[in-house]
> 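I have a structure here, written as structure tokens, and I will follow up with some questions on it.
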Amino acid sequence: MKFQLAINLERIDDSLDMNDVARHTLEMVQIAEEGGFDIVWSAEHHALEMTIAPNPLQILTWWAKETSTIRLGTAVATAAYWHPINLAGEAAFVDLISGGRLEFGIGSGAYQREFDRMKPGLKQSDAWRYMQEMLPVVRELWKGDVAHDGEFWSFPTSTSVPKPVQDEVPVWVAARSPITYDYAVRNRCHVNCWPLTRPFSEAELYMQQLNEAIEKADNGWNPRFALMRHVCIYDNETDRQDALNSIRRLLSQFENLFRNSGDVINGFPASIPLDELEGREQYDPAMLEENLMFGSPDTAVQKLKRYQALGVNEFIYYASMGLSHEAQQRSLRMFCKEVMPEFK
């Protein structure tokens with residue numbers, strides 16, 4: 001099993017200084033590299049302090065100069081917010097300055113609130129159409145001159161400048177629905193998925209959809225398949241309670257954005273009381289501890305072995321959950337030292 005890190009610059013409130021946030025985020029990336037992680041992922045979000053990522057490629061450019069071996073991925077570039085020539089060129093530049101370490105992740109986007117500001121009039125449920133038009137155009141621009149006349153973008157003959165240094169940049173698609181799995185396999189992309197806080201059965205569903213897409217495409221493509229979970233490794237009751245309190249606080253803000261149902265003031269989403277939410281059993285502490293990658297090192301090993309038996313060959317350690325910086329780094333170091341060796 002290979003391991004990847006998803007890490008955001010994040011602030012749950014304005015008590016943290018942004019310089020400390022940036023320093024901590026880079027330190028987490030460097031801990032992951034030293035510990036043997038394969039890829040680190042940067043997201044794209046706008047006007048939200050809980051995920052400070054206005055340009056994932058800019059973040060990767062920063063990390064590239066402070067690392068040497070870990071690969072650098074976008075998870076994900078939101079297609080509707082970009083122009084193909086712009087996205088192809090910026091992504092290729094990251095590949096150039098990192099020595100060929102780019103992993104190119106592209107997706108539809110998450111929050112209607114962001115679309116209302118970045119692409120007014122676009123429904124989140126329709127954004128997959130932008131992604132499916134964007135990806136083949138970016139690949140052609142990386143090869144050389146191409147003209148494009150599509151539904152969302154049109155331009156005369158152009159190319160990506162610079163070009164990637166890799167002969168073929170690995171491409172990843174964030175997938176949850178069958179239509180996206182079908183697209184990913186048909187277009188020879190790797191797949192990452194996120195079951196949110198849902199139980200193991202959600203991972204089983206995604207694996208089923210992947211296998212059905214592989215059978216349907218019948219093109220010889222067997223993608224890498226990475227599954228993401230929030231992670232916190234702890235070995236005492238105080239750290240356990242801190243982890244559960246932090247993830248529940250973060251989820252109350254996430255629900256605000258996911259349902260587009262609450263205020264966001266100066267970039268900070270208001271918390272929606274979890275006991276007021278339909279389906280609030282999804283945020284029961286016992287359920288969260290069972291479904292997420294929470295627990296002692298031994299517990300994490302057993303959970304990962306279950307995913308491995310399912311066919312998940314890559315795991316994404318999602319670090320951003322509002323914990324203190326010290327707790328985040330302590331968890332990651334324990335994971336590197338006491339969990340990962342069981343899978344080498």
Side-chain angles (χ1 to χ4, degrees), residues 4-35 37 39-67 70-78 81-82 90-91 93-94 97-98 101-105 107 109-111 113-114 117-118 174 192 194 228-232 242-243 246-247 249-254 256-258 264-271 316-333 335:
Q4 307 168 10
L5 175 71
I7 179 78
N8 300 317
L9 287 83
E10 64 166 356
R11 293 201 305 173
I12 303 303
D13 55 45
D14 61 5
S15 63
L16 288 174
D17 184 274
M18 276 304 305
N19 292 296
D20 293 334
V21 171
R23 181 169 55 252
H24 161 71
T25 305
L26 178 59
E27 288 172 353
M28 290 285 284
V29 172
Q30 292 170 331
I31 292 168
E33 179 176 62
E34 182 181 349
F37 276 66
I39 303 171
V40 61
W41 298 101
S42 66
E44 177 177 4
H45 288 288
H46 299 278
L48 296 170
E49 292 272 358
M50 64 186 290
T51 44
I52 304 165
N55 184 327
L57 295 163
Q58 187 179 33
I59 294 172
L60 296 185
T61 302
W62 166 41
W63 292 345
K65 289 303 183 183
E66 302 290 343
T67 58
I70 198 165
R71 295 186 63 79
L72 307 163
T74 55
V76 293
T78 303
Y81 304 160
W82 292 82
E90 289 199 36
F93 182 79
V94 172
I97 63 107
S98 68
R101 289 189 277 153
L102 176 66
E103 303 275 330
F104 182 72
Y111 305 135
R113 182 181 194 277
E114 288 184 316
R117 288 151 181 79
M118 300 295 294
N192 52 39
W194 183 23
M228 182 169 75
R229 286 288 201 185
H230 279 101
V231 180
C232 191
D242 285 347
S246 293
I247 191 64
R249 179 179 61 171
L250 182 74
L251 289 169
S252 73
Q253 294 187 334
F254 174 77
N256 175 337
L257 300 171
F258 197 64
V264 177
I265 299 174
N266 202 29
F268 295 105
S271 293
I316 305 173
Y317 179 123
Y318 193 7
S320 301
M321 49 178 281
L323 271 176
S324 71
H325 293 168
E326 294 78 12
Q328 288 187 46
Q329 294 194 16
R330 185 165 58 250
S331 170
L332 182 57
R333 290 185 189 279
F335 189 88

> Under the ring-ring contact (aromatic ring centres under 6.0 Å, His included) test, which residues partner Tyr81, sequence neighbours left out?
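Scan of Tyr81 (ring-ring contact (aromatic ring centres under 6.0 Å, His included), adjacent residues dropped) gives His46, Phe115.
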> Please list, chain by chain and in numerical order, all residues satisfying side chain to side chain contact (heavy atoms under 4.5 Å, CB included) with Asn55, sequence neighbours excluded.
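For Asn55 the side chain to side chain contact (heavy atoms under 4.5 Å, CB included) partners, ignoring immediate neighbours, are Leu57, Gln58, Trp82, Glu90.
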> Check whether any side-chain heavy atom of Leu16 lies under 4.5 Å from a side-chain heavy atom of His24, and answer yes or no.
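No, side chains not in contact.
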> Are the side chains of Cys232 and Leu323 in contact, using a 4.5 Å heavy-atom criterion?
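Yes; the side chains approach each other to less than 4.5 Å.
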> Applying side chain to side chain donor-acceptor pair (under 3.5 Å), name anything that partners Thr67, two or more places apart in sequence or on another chain.
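Arg101.
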> Are any of the side-chain heavy atoms of Ile59 and Trp62 separated by less than 4.5 Å?
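Yes. Closest side-chain heavy atoms under 4.5 Å.
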> According to side chain to side chain contact (heavy atoms under 4.5 Å, CB included), who are the partners of Arg117, at least two apart in sequence or on a separate chain?
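Per chain and number, Arg117 pairs via side chain to side chain contact (heavy atoms under 4.5 Å, CB included) with Arg113.
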> Any non-hydrogen side-chain atom of Arg11 less than 4.5 Å from a side-chain atom of Val21?
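They are in contact (side-chain heavy atoms under 4.5 Å apart), so the answer is yes.
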> Okay, side chain of Thr74, backbone of Gly105: is any donor-acceptor separation there less than 3.5 Å?
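Yes, the answer is positive, given that a donor and an acceptor are paired below the 3.5 Å cut-off.
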> Residues in salt bridge (charged side-chain N to carboxylate O under 4.0 Å, His left out) with Arg71, at least two apart?
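Salt bridge (charged side-chain N to carboxylate O under 4.0 Å, His left out) list for Arg71, sorted by chain: Glu103.
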> If you take all heavy atoms of Ser246 and Gly322, which pair is closest and at what distance?
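So the two residues come closest at OG-O, 3.9 Å.
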> Kindly write out the residues that satisfy side chain to side chain donor-acceptor pair (under 3.5 Å) with Ser331, not counting sequence neighbours, or none if the list is empty.
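So Ser331 forms a side chain to side chain donor-acceptor pair (under 3.5 Å) with Tyr317.
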> How many angstroms lie between atom CD1 of Ile70 and atom CG of Leu5, to the nearest 0.5 angstrom?
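If I round to the nearest 0.5 Å, the distance is 6.5 Å.
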> Run the numbers on Ile52 and Met18 for side-chain contact (heavy atoms from CB on, under 4.5 Å), then give the verdict.
CA-CA 10 Å; Ile52 304 165; Met18 276 304 305; 3.7 Å; yes
> Could you tell me the separation between the CH2 atom of Trp41 and the CH2 atom of Trp63, rounded to the nearest 0.5 Å?
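The distance works out to 11.0 Å.
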> List in chain and number order the residues that pass side chain to side chain donor-acceptor pair (under 3.5 Å) with Asp17, two or more places apart in sequence or in another chain; answer none if no residue qualifies.
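For Asp17, the residues satisfying side chain to side chain donor-acceptor pair (under 3.5 Å) (neighbours in sequence not counted) are Asn19.
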> Quick one: pull up OG1 in Thr61 and CD1 in Ile97 and give me the separation to the nearest 0.5 Å.
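So the OG1 of Thr61 and the CD1 of Ile97 are separated by 5.0 Å.
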> Can you list everything that forms a side chain to side chain contact (heavy atoms under 4.5 Å, CB included) with Thr51? Sequence neighbours excluded, please.
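For Thr51 the side chain to side chain contact (heavy atoms under 4.5 Å, CB included) partners, ignoring immediate neighbours, are Asn8, His45, Leu48.
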> Just how far is it from atom CD of Gln253 to atom CD of Glu10, taken to the nearest 0.5 Å?
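Rounded to the nearest 0.5 Å, the CD-CD separation comes to 9.5 Å.
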> Any chance you could measure Ser98, atom OG, to Phe93, atom CZ, to the nearest 0.5 Å?
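So the gap between those two atoms works out to 10.0 Å.
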> Does Val264 form a side-chain contact (heavy atoms from CB on, under 4.5 Å) with Tyr111? I'd like the steps, not just the answer.
CA-CA 13 Å; Val264 177; Tyr111 305 135; over 6 Å; no
> About how many Å separate CD1 of Ile265 and CD of Glu49, when rounded to the nearest 0.5 Å?
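Separation between the atoms: 13.0 Å.
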> Any idea which heavy atoms bring Val231 and Met321 closest together, and the distance?
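Smallest interatomic distance, heavy atoms only, reads O-SD, 3.7 Å.
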> How far apart are the closest heavy atoms of Met28 and Ala319, and which atoms are they?
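Smallest heavy-atom distance, with atoms named: CE-CB, 3.7 Å.
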> Determine, stepwise, if the pair Thr78 / Met118 fulfils side-chain contact (heavy atoms from CB on, under 4.5 Å).
CA-CA 10 Å; Thr78 303; Met118 300 295 294; over 6 Å; no
> Of all the heavy-atom pairs spanning Pro269 and Leu257, show the shortest one and how long it is.
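That closest heavy-atom pairing would be CG-CD1, 4.0 Å.
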> Taking atom CZ of Phe258 as the centre, report whether more than 12 heavy atoms of other residues, nucleotides or ligands fall under 6.0 Å from it.
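Incorrect, the count does not exceed 12.
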> Going by side chain to side chain donor-acceptor pair (under 3.5 Å), name the residues that satisfy it together with Arg23, two or more places apart in sequence or in a different chain.
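Counting only residues at least two positions away or on another chain, Arg23 forms a side chain to side chain donor-acceptor pair (under 3.5 Å) with Asp20.
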> Mind checking what makes side chain to side chain contact (heavy atoms under 4.5 Å, CB included) contact with Met228, not counting sequence neighbours?
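Per chain and number, Met228 pairs via side chain to side chain contact (heavy atoms under 4.5 Å, CB included) with Ala6, Trp194, Ile316, Tyr318.
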